[in-house]
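Heads up, the thing below is written out as structure tokens.
A note on names: the letters A, B, ... follow the listed sequences, proteins ahead of strands, and every chain is numbered from 1.
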Amino acid sequence: MLARQPYTSGPLRHSGEPMTKEFWIGDVLSGKYDSSEVELCGWVHRTRGSKKIRFLVLRDSTGTLQCVIKREIVGDECFESLSNALIESSIRVKGIVKNTDREHGHELVVESGIVIGHVNPENPFPITESAMSEADGGETEFLLDNRHLYLRTGRMTKMLKIRSTVFGAVHSYFRDREFIEYQAPNFVAGAVEGGSTLFEVPYFGKKAYLTQSWQLYAEAAMPALERLYTIAPSFRAEKSRTRRHLTEFWHAEMEIAWGGNVEVMNHGEALVRSIAGTLLEEREGELIELGRDIGLIQNYADSKYPRMRYDEAIEALQQKGVSVEWGQDLDYSKEKVLTQDFDVPHFLTHYPRIAKPFYHRPDPDDPKYVLCHDLLAPEGYGEIIGGGERTWSESEILERIDEEGTPREPYEFYIDVRRYGGVPHGGFGMGIDRVCAWLSGADHIRETIPFPRDSRRVTP
RNA sequence: GCCGACAUAGCUUAGUUGGUGGAGCGGUGGACUGUUAAUCCACAGGUCGCAGGUUCGAGUCCUGCUGUCGGCGCCA
């Protein structure tokens, strides 16, 4: 046990002495420091008490802990100082960890403490219980306006931890399989999809656009790296107002040489299952606290994902009485009907050529179709992966560009990839925020990203 | 681009056929307590989104505007 040195309030250490943090609330809660002295740094979550005793719930990034402050122990000056600390003031307290029989388990019997960052009573912390109880499941305008403060509340903190684990799982999946991480530019000259959804930015007297996808530039590096991936933001100027869309979203993309639709699809399935599995290992507690059914996630990690051709999907829809014609792309309302038959993600493959852009390779067995796939998440979360085999010969890519009426000029570099030793290759893009929303059970994709961007909001 | 809702204190909201806008949380002061979304008393805090209109009188009815939210299409 450390020597008990009174730690009185006083001027902060401004001399450059490091303020390293040695103890974490999560460790205290695990029992690691029972009956020991610790110094905790954190923020006031809640506080209550009388003139003699004060109960202060302290929060740090790893949990919350009740600190008991008694006037007779800490003295008048320290007691008053800590008692006046409003919600979200930052403090340091030193004391003895006690493992109690009470509902919260561990607590800290404070011996000394100091307020580090004050909160002005004229401007108290605006995120109140009432604001959050309304938000539990939905997000009010107020919470979106105060996103920078909402981040430090329990629900957002859990979402951010889950998000971090998902990002980590993506990196691990690809790096474990010797993929090379590769970065494409965010300023681009041309579109991947139709031009209407591009963000235009002034670029030294010219026009540039924010990228919608890493794909075209990844294909350029495919002959160099053969297996490559990225995690990067993509931008789409869609005025979409749904729980699945952001204008700035995080895109995990991969590209492989010497592979086709099936190999790419196998990677997509393995990646998503690996993310679900990693979440169970690392974030089960957070998922449960968010009210997620762990059995569902277990099923997503363990099950094979069914695969269905577009034609079968059309047939299934028609049998259900949904009016849909062959050749139509499947919009969300139809995806949702299809998804109801599955309790795990499922692939849709072989869309009609006329429904997909030029870079999708026509199926040599039946050129009416292209070798592509979408992965649809269950529970109404919709498409999380889109990918497939690329058109890889020069003659075929020119034919497809021309039949689509797309100008060749911006894609010359892309066509060059085919002119110099083209090989079969393919890849996919996964919407990471959508995966986070689905696996965490979020009601809106906005809940999974710290500062969401949509067609009506770029602040804070 | 299309469709639908909503806008009252810092937050969450009540507000009846149009007749002087209330409460809970948060804040301040006090009481009290091994409390735990503590409790109790008191106080402060409102251009009822903005601009017009109807009316003796508008938070309430009408019109326009602005903002936000939800959904569709599009997609990841």
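Aromatic rings from A:F179 and A:H267 are positioned such that their centres are separated by under 6.0 Å. Two rings, from A:H171 and A:Y229, have their centers less than 6.0 Å apart. Residues A:Y33 and A:F23 bring their aromatic ring centres within 6.0 Å.
Between A:D433 and A:R163 there is a salt bridge, with a side-chain nitrogen of the basic residue lying less than 4.0 Å from a carboxylate oxygen of the acidic one.
Contact annotation for A:S234: no contact, since no heavy-atom pair falls under 4.0 Å across all strands. Across all strands shown, A:E248 has no heavy atoms under 4.0 Å from either base or sugar-phosphate atoms. The residue A:K356 sits apart from the nucleic acid: no heavy atom pair falls under 4.0 Å. Counting any heavy atom pair closer than 4.0 Å across all strands shown, A:E383 reaches sugar-phosphate atoms only and no base atom. Contact annotation for A:N123: no contact, since no heavy-atom pair falls under 4.0 Å across all strands. Within the nucleic acid shown, A:K334 has no heavy atom closer than 4.0 Å to any nucleic acid atom. In this structure, A:I385 reaches the sugar-phosphate backbone alone: every heavy-atom distance under 4.0 Å involves primed, P, OP1 or OP2 atoms, never a base. Counting any heavy atom pair closer than 4.0 Å across all strands shown, A:R54 reaches no nucleic acid atom.
Within the 4.5 Å cutoff, no side-chain heavy atoms of A:I256 are placed close to those of A:H425. The side-chain heavy atoms of A:F249 and A:F235, taken from C-beta on, include no pair separated by under 4.5 Å. Side-chain contact between A:D311 and A:H350 is absent, with no heavy-atom pair separated by less than 4.5 Å.
Of all nucleotides listed (B:G27, B:G34, B:C74), B:C74 comes nearest to the side chain of A:H245. Checking B:C69, B:G70, B:U35 against every side-chain atom of A:R48, the shortest atom distance belongs to B:U35. In this structure, the nucleotide among B:A76, B:G73, B:A31 sitting nearest to the side chain of A:H251 is B:A76. Taking every side-chain heavy atom of A:F142 into account, B:C11 is the closest of B:A31, B:C74, B:C11. Among B:U35, B:U68, B:G73, the nucleotide with an atom closest to any side-chain atom of A:D331 is B:G73. The side chain of A:V68 lies closest to B:G34 when the candidates are B:C69, B:G10, B:G34. Of the candidate nucleotides B:U68, B:U28, B:A76, B:A76 has the atom lying nearest to any side-chain atom of A:L246. The side chain of A:R456 approaches B:U68 more closely than any other nucleotide in the set B:U68, B:U28, B:C11. Comparing B:G70, B:A76, B:U68 against the side chain of A:I445 picks out B:A76 as the nearest. The side chain of A:P124 approaches B:G27 more closely than any other nucleotide in the set B:A76, B:G34, B:G27.
The base of B:C75 is paired with the side chain of A:R434 by a donor and an acceptor separated by under 3.5 Å. Between the base of B:G70 and the side chain of A:T242 there is no donor-acceptor pair shorter than 3.5 Å. A donor N or O paired with an acceptor N or O is not found under 3.5 Å between the base of B:G10 and the side-chain atoms of A:E122. Residue-to-nucleotide contacts include no donor-acceptor pair under 3.5 Å from the side chain of A:T197 to the base of B:C74.
Following rounding to the nearest Å, A:R147 (CZ) and B:C11 (P) show an atom-to-atom distance of 18 Å. Atom P of nucleotide B:C25 and atom NE2 of A:H45 are separated by 17 Å, given to the nearest angstrom. At whole-Å resolution of the value, CG in A:L56 and P in B:A38 are 12 Å apart. Distance, A:L86 CG to B:C11 P: 18 Å, rounded to whole Å. Atom pair A:D443:CG and B:G70:C1' shows a separation of 13 Å (rounding to whole Å applied). Remark: P of B:G67 and CG of A:D145 are 13 Å apart, rounded to the nearest angstrom. Between the CZ atom of A:R243 and the C1' atom of B:G70 there is a distance of 8 Å, given to the nearest Å. The distance between atom CG of A:L58 and atom P of B:U36, rounded to the nearest whole Å, is 19 Å.
Rounded to whole Å, the separation between the C1' atoms of B:G49 and B:A7 comes to 6 Å. Comparing the C1' positions of B:C72 and B:U16 gives a spacing of 37 Å, expressed to the nearest Å. If you take atom P in B:A42 and the same atom in B:G18, they sit 34 Å apart, rounded to whole Å. Here, B:A31 and B:G46 have their P atoms 28 Å apart, quoted to the whole Å. Comparing the same atom, P, in B:A9 and in B:A23 gives a spacing of 15 Å after rounding to whole Å. If you take atom P in B:U39 and the same atom in B:A58, they sit 40 Å apart, rounded to whole Å. Straight-line distance between the C1' atoms of B:U20 and B:C41: roughly 27 Å, to the nearest whole Å. A distance of about 14 Å separates the P atoms of B:G52 and B:U60, rounded to the whole Å.
Using the Watson-Crick or G-U wobble rule with both distances under 3.5 Å, B:C74 pairs with nothing in any strand shown. The base-pairing partner of B:G46, taking Watson-Crick or G-U wobble contacts with both distances under 3.5 Å, does not exist among the strands shown. Here B:C61 sits opposite B:G53 as a Watson-Crick or G-U wobble pair (both hydrogen-bonding atom distances under 3.5 Å). The partner of B:C40 is B:G30, by the rule that a Watson-Crick or G-U pair needs both atom distances under 3.5 Å. The partner of B:C6, taking Watson-Crick or G-U wobble pairs whose two distances both stay under 3.5 Å, is B:G67.
When each of A:R147, A:R155, A:R434, A:R243 is tested with A:E447 by the rule salt bridge (Lys or Arg N to Asp or Glu O under 4.0 Å), just one qualifies, namely A:R155. Partner of A:Y300 under the side chain to side chain contact (heavy atoms under 4.5 Å, CB included) criterion, chosen from A:I275, A:L439, A:V272: A:L439.
Map A:I87 and A:L375 each onto its nearest nucleotide of RNA chain B; the residue landing nearer the 5' end is A:I87.
Remark: A:K239 is not in phosphate contact with B:C74, judged by side-chain N or O atoms under 4.0 Å from OP1 or OP2. A sub-4.0 Å separation between OP1 or OP2 of B:C69 and a side-chain N or O of A:R457 is present.
Where stacking is scored as ring centres under 5.5 Å apart with planes under 30°, A:F55 does not register as stacked on the base of B:G34.
Contact record, A:R400 with A:P357: NH1-O, 3.3 Å, taken as the closest heavy-atom pair.
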